[in-house]
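From a predicted model like this one, the values you see are computed outputs, not experimental measurements. All ligand and atom numbering here is 1-based and tracks the order in the structure.
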Amino acid sequence: MQSVTTHREGEILVILVNNPPVNALSWHVRQGLKDGVEEALNDPTIKAAIIRCEGTTFIAGADITEFSQAPKEPALGATLDAMETASKPIIAAIHGTALGGGLETALCCHYRIAVPSAKLGVPEVKLGLLPGAGGTQRLPRLVGVEAAAAMCSSGDPVPAAKAKEMGLVDALAGEASLAEDAIAFARECIAKGPRATRDLLVKGDLSVIEQLKTANGKKWKGFEAPYANLACVEAATRLPFDEGMAFERTEFMKLMMGSQSAAQRHMFFAERQAAKIDGLPKDTPLRDIKKVGVIGAGTMGGGITMNFLSAGVPVTIVEMQQDALDRGVGIIRKNYENSAAKGRFTQEKVEQMMALLTPSLSLDALADVDLVIEAIYENMDVKKEVFGKLDAICKPGAILASNTSYLNVDTIASATSRPEDVLGMHFFSPANVMKLLEVVRGEKTAIDALATAMAIGKKIGKIAVVAGVCDGFIGNRMLSKRQGPANALLMEGASPAQIDNVFLEFGFPMGPFQMGDLAGMDIGWHRDPTKIDTLRDAMCAAGRFGQKNGKGYYDYDEKRNRTPSAEALVIIEDFRSRSNMKKRDVTDQEIVERCLYPMVNEGHLILEEGMAQRASDIDVVWIYGYGWPVYRGGPMFWGDLEGAGKIVEALERHGVKVAQSLKAKA
Ligand code: T1G
């Protein structure tokens, strides 16, 4: 496999990498780089060398697929050392992205030239890792402690122009003339001679490291990698280069062998896998989505609309009443103006996006759109009536989607003469923020309609996952398997705080009872304080609706900080005795077994029924829609780590019917 070739441009050797799709540092690329550098160093007529890549990007990092295999020769380190200590200048010519091991390779070059659209970064922390090929030791030497600490701990790339300001890039090439400009630049570098990054002094203020930890304490809670990255950058300020490299190696291997990185690498591929529809013929043409219609200008309708306006897609938004329409459009504008005020984009951009919005009081306005997303309240008869009307109004080939979060999409489709054009597009609130989109495939949904919905989901910045028609699709279906046991454990003696703390310790942003208080306990309440059949009735009867009125399972201050509530505990205790429940000690392990294990079990049932294409899709749903900690890889990945045997034993002990496939795994 010839993924690296070389050619001469006079006294310059060009080492060209071509390993689609992202020029990852697979073993054969490492071999090719090694051979190319040796060729450059061993031929006295060569005065300088350039490393450049074919395709859309410079080297986007180590080959992540190799991490779960036995290490293959040659290792990268030796080649990088040979480059850095070379007696003639080596230049990195960068386009697209120089990421991870790719940037580390560029750091071992003596000079870097990049096109203005290029991005440079060390995203390893997003894989639960750190730049393990010298990035944490060479970056501080080139860009200073502050910038290096920020780049390593955030994993976010910097654009070429900023990289130039930071000293990470030495020159900018023409956007379409990198090859030529790199040659010219290399000729200039011959005179300057090589400049090894390792020989540069580390400059900058070390206090940035503690500042970053303080500023990101909440965001990094439970994660190991951000702290390991900062420890390595800190080490670079006090250790000689080789000792710093050894320190980095040790920290890197700890992370590489750990479960967190395994989980985050799993997620890297799971996200990309989720976009694929099994059995979709490669040449399936997608339908052209130029104009979109949204029915309902409430919270969900407004958020959904913003996704399309932000992506430059015109939207016609339909409401029944003028005041509701005005309110909905007003909220969209306010949200954009708030973002503009935070500098996310200009007021001019706000006007551009709002100009793409057409408010209407009539469904007839949707006659010419390519996709309709219905986001009205959850009532089957009303939805069927609306889809019946859309069937008559919308042009042939228009996709008719419902944002229902649990109603039967096939039943909705049966209200039309074109069920093949009907599917679910289940957004998560706030719809303009949450990345997850469940695309619900109906029994008769045409595969090109499904593929189009998945593609448009990606276009508006969502992680789209295919779900089958069942109660609660993937996410809510599994959520219900957690909520029931949580309520039961409360009755048996656990407190809301004990249960929620188990979830917080696990890494969720909040537990089931905090979520209940956030959503509001009076949603759907019958409003009769004398009628108390459930604990929720008892809470509502006592006027405890949740965060919205400062009291629910917890008490809340004006900043919505929660504290355990004596009154809530009394209400729970009363309801227990009313239900003749005997209070007993509940262990945290029991809470995990009865709240999380049933979710893993339900995931297996969802796969058995074909309601999800693959287990990793379920993990994507829970990480992007329900706050499952990414460093635990999602319920299915975690279930495998936890061990099917252990889970089956506990489920049976707690009287839960175990999925055949889970039993088989055990
Ligand atoms: N290794 C293997 N495969 C990779 C890969 C990689 N580094 N990057 C991408 N792919 C595959 C991906 O799975 C997909 O495959 C296809 O390429 C296109 O990717 C020692 C240890 C570069 C910004 O973390 O961020 O270096 O689904 O859909 O949207 O310190 O890919 O088509 O079969 O994402 O245009 C550090 C990871 C590695 C960068 C392009 N590097 N990649 O985005 O395409 S660790 C990263 C990306 C490391 C060293 C350490 C993005 C991209 P398939 P895509 P894209």
Would the distance check show the side chain of [X] and the main-chain N or O of [Y] forming a donor-acceptor pair, the cut-off being under 3.5 Å?
X      : Y      : result
Thr452 : Leu286 : no
Asn18  : Cys53  : no
Thr346 : Lys349 : yes

Within 45° of the six-membered ring axis of Phe268 and under 6.0 Å from that ring's centre, is NZ or CZ of Arg272 located there?
-> yes

Angle class for the Phe508/Phe506 ring planes (parallel below 30°, perpendicular above 60°, tilted otherwise)?
-> parallel

Would you say the ring centroid of Phe637 lies under 6.0 angstrom from that of His266?
-> yes

Distance dump, ligand 1 polar atoms to protein, N/O, under 3.5 Å:
unit_1   : atom_1 : unit_2 : atom_2 : d
ligand 1 : 1 (N)  : Ala62  : O      : 3.4
ligand 1 : 1 (N)  : Ile64  : N      : 2.9
ligand 1 : 7 (N)  : Ala62  : O      : 2.9
ligand 1 : 26 (O) : Ala62  : N      : 2.8
ligand 1 : 26 (O) : Gly101 : N      : 2.8
ligand 1 : 27 (O) : Lys276 : NZ     : 2.7
ligand 1 : 30 (O) : Glu104 : OE1    : 2.6
ligand 1 : 30 (O) : Glu124 : OE2    : 2.7
ligand 1 : 30 (O) : Gly132 : N      : 3.0
ligand 1 : 33 (O) : Lys276 : NZ     : 3.4
ligand 1 : 34 (O) : Arg272 : NE     : 2.7
ligand 1 : 34 (O) : Arg272 : NH2    : 3.2
ligand 1 : 41 (N) : Ala60  : O      : 2.9

